[in-house]
Peer 1: 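Please find one structure pasted underneath; my questions will follow.
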Amino acid sequence: VRQAYGAAEANPKDANASGELGMVLDAYEQYDAAATCYQRAHLLDPGAFRWLYYLGWVQAAQGQHEDAVATLGEAARLKPEDPPTALRLAGNLLAIGRLDQAGNIYRTISETHPESAEAHYGLGRVAAASGDATAAAAAYLKSCELFPAYGAAHYALALAYRTVGRDTESREQFALYQQNRTGVPLLDDP
């Protein structure tokens, strides 16, 4: 931390020095300070995608979903074909109840990247939040098929099955969740 701080202090007009200090602070979950560094890096280099992306990540980690939507939306405009940015944007839209927008993004990703278990899981979350347990179950099932160790998807599928009265399948999915509690698909995010 001292080394990164020293580099940022010695080079106050260097976006990379500020951003790299933010990355170090982010790694240590010092999110407020990291956000300040990412904001400074963005001000110094407004065309750089990564400082916006990292800032959006930190804002989301702090529960500042409205801010994260604005920041990640700007990052997505700079790099519109980046699935990790779109997934993070959709997740934050979902967190603030903008279901239609989140659903549109998840749907687009699932069509352009049908192998994305996260996109199908997101579609399930949107359907569940909209009260459509049948559509949620179908999306969660697809997510589980794509990534069989996806714990959260198995849990959500168990709940959806229980809601629609499929108790045997619900118990099976809950057992799979118990075996894969922390399993999440790896996101190809350079």
Peer 1: Please name the pair of heavy atoms, one in Y38 and one in G19, separated by the smallest distance, quoted to 0.1 Å.
Peer 2: CE2-O, 3.5 Å

Peer 1: So do R125 and Y121 actually touch side chain to side chain, heavy atoms under 4.5 Å?
Peer 2: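 Side-chain contact under 4.5 Å: yes.
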
Peer 1: Run the side chain to side chain donor-acceptor pair (under 3.5 Å) test against T85 and tell me which residues pass, sequence neighbours left out.
Peer 2: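 Checked T85 against side chain to side chain donor-acceptor pair (under 3.5 Å); matches are D82.
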
Peer 1: Please step through side-chain contact (heavy atoms from CB on, under 4.5 Å) for the pair L176 and Q179, ending with a clear verdict.
Peer 2: CA-CA 5 Å; L176 289 168; Q179 296 168 14; 3.9 Å; yes

Peer 1: Determine yes or no for a side-chain-to-main-chain donor-acceptor pair under 3.5 angstrom, with Y106 supplying the side chain and G91 the backbone.
Peer 2: yes

Peer 1: Taking the side chain as everything from C-beta on, heavy atoms only, tell me whether R77 gets closer than 4.5 Å to F49.
Peer 2: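 Result no, sub-4.5 Å side-chain heavy-atom pair not found.
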
Peer 1: If the condition is salt bridge (charged side-chain N to carboxylate O under 4.0 Å, His left out), which residues does R40 pass it with, not counting sequence neighbours?
Peer 2: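 Here no residue qualifies.
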
Peer 1: So how far is it from L21 CG to D26 CG, rounded to the nearest 0.5 Å?
Peer 2: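 One gets 11.0 Å once the value is rounded to the nearest 0.5 Å.
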
Peer 1: Could you pull out all donor-acceptor pairs under 3.5 Å where a side-chain atom in residues 129-136 meets a protein atom, sequence neighbours excluded?
Peer 2:
{"unit_1": "S130", "atom_1": "OG", "unit_2": "V126", "atom_2": "O", "d": "2.9"}
{"unit_1": "D132", "atom_1": "OD1", "unit_2": "T134", "atom_2": "N", "d": "3.4"}
{"unit_1": "D132", "atom_1": "OD1", "unit_2": "A135", "atom_2": "N", "d": "3.0"}

Peer 1: Please report the closest heavy-atom contact between A41 and A15, naming both atoms and the distance.
Peer 2: CB-O, 3.4 Å

Peer 1: Does the side chain of W51 reach to within under 4.5 Å of the side chain of Q39, using non-hydrogen atoms?
Peer 2: no

Peer 1: Does E74 have any salt bridge (charged side-chain N to carboxylate O under 4.0 Å, His left out) partners at least two apart in sequence or in another chain, and if so, which?
Peer 2: none

Peer 1: Let me have the donor-acceptor pairs involving side chains of residues 148-156, under 3.5 Å, with sequence neighbours excluded, atom names and distances please.
Peer 2:
{"unit_1": "H154", "atom_1": "ND1", "unit_2": "Q173", "atom_2": "OE1", "d": "2.6"}
{"unit_1": "H154", "atom_1": "NE2", "unit_2": "P148", "atom_2": "O", "d": "2.7"}

Peer 1: Work out which heavy atom in H120 is nearest to a heavy atom in S116; give both atom names and the distance.
Peer 2: CD2-O, 3.1 Å

Peer 1: Over all heavy atoms of both residues, which pair between A117 and S143 is shortest? Give the atoms and the distance, please.
Peer 2: O-OG, 2.9 Å

Peer 1: Would you say L72 and L52 make side-chain contact, with heavy atoms under 4.5 Å?
Peer 2: no

Peer 1: Go through the structure and list residues passing side chain to side chain contact (heavy atoms under 4.5 Å, CB included) with I96, not counting sequence neighbours.
Peer 2: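 Checked I96 against side chain to side chain contact (heavy atoms under 4.5 Å, CB included); matches are H65, E66, V69, R98.
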
Peer 1: Could you work out, with side chain to side chain contact (heavy atoms under 4.5 Å, CB included) as the rule, every residue matching Q30, not counting sequence neighbours?
Peer 2: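 Result, side chain to side chain contact (heavy atoms under 4.5 Å, CB included) vs Q30: L25, Y28.
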
Peer 1: Linking directly or through intermediates, with side-chain heavy atoms under 4.5 Å: list the remaining ILVMFWY members grouped with L44, chain and number order.
Peer 2: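 Other cluster members: none.
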
Peer 1: Does Y5 have any ring pair (Phe, Tyr, Trp, His ring centres under 6.0 Å) partners at least two apart in sequence or in another chain, and if so, which?
Peer 2: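 Expected list: none.
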
Peer 1: Of all residues at least two apart in sequence or in a different chain, which pass the side chain to side chain contact (heavy atoms under 4.5 Å, CB included) check with A138?
Peer 2: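 For A138, no residue satisfies side chain to side chain contact (heavy atoms under 4.5 Å, CB included) once neighbours in sequence are set aside.
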
Peer 1: Measure the OG-CG distance between S170 and L159 for me, rounded to the nearest 0.5 Å.
Peer 2: 7.0 Å

Peer 1: OG1/T108 to NE2/H113 distance, rounded to the nearest 0.5 angstrom?
Peer 2: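 So the gap between those two atoms works out to 10.5 Å.
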
Peer 1: Can you measure from CG (L141) to CG (L146) and round to the nearest 0.5 angstrom?
Peer 2: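 Going from CG on L141 over to CG on L146, the span is 9.5 Å.
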
Peer 1: Suppose we screen for side chain to side chain contact (heavy atoms under 4.5 Å, CB included). Which residues come up paired with D189, at least two apart in sequence or across chains?
Peer 2: Y53, P84, R88, L187

Peer 1: Can any side-chain N or O of T71 pair as donor or acceptor with the backbone N or O of A68 at less than 3.5 Å?
Peer 2: no

Peer 1: Could you report the tightest heavy-atom contact between L93 and A102, atom names first, then the distance?
Peer 2: CB-CB, 3.9 Å

Peer 1: Are V58 and Y54 linked, directly or through intermediate hydrophobic residues, by side-chain heavy-atom contacts shorter than 4.5 Å (ILVMFWY only)?
Peer 2: yes

Peer 1: Tell me, please, which residues at least two apart from E20 pass side chain to side chain donor-acceptor pair (under 3.5 Å).
Peer 2: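 Applying side chain to side chain donor-acceptor pair (under 3.5 Å) to E20 gives none.
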
Peer 1: Tell me if the CD atom of E115 is crowded by more than 12 foreign heavy atoms within 6.0 Å.
Peer 2: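 Above 12, so yes.
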
Peer 1: About how many Å separate CD of E118 and OG of S110, when rounded to the nearest 0.5 Å?
Peer 2: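 Result: 13.0 Å between the selected atoms.
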
Peer 1: Side chains of D167 and Y161, heavy atoms from C-beta outward: is any pair under 4.5 Å?
Peer 2: no

Peer 1: Could you give the distance from CH2 (W57) to OH (Y31), rounded to the nearest 0.5 Å?
Peer 2: 6.0 Å

Peer 1: Find out if a path of hydrophobic residues (ILVMFWY) with successive side-chain heavy-atom gaps under 4.5 Å connects L94 to I109.
Peer 2: yes

Peer 1: With side chains defined as the heavy atoms from C-beta onward, is the minimum distance between D32 and T36 less than 4.5 Å?
Peer 2: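 The answer is no; the side chains never approach within 4.5 Å.
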
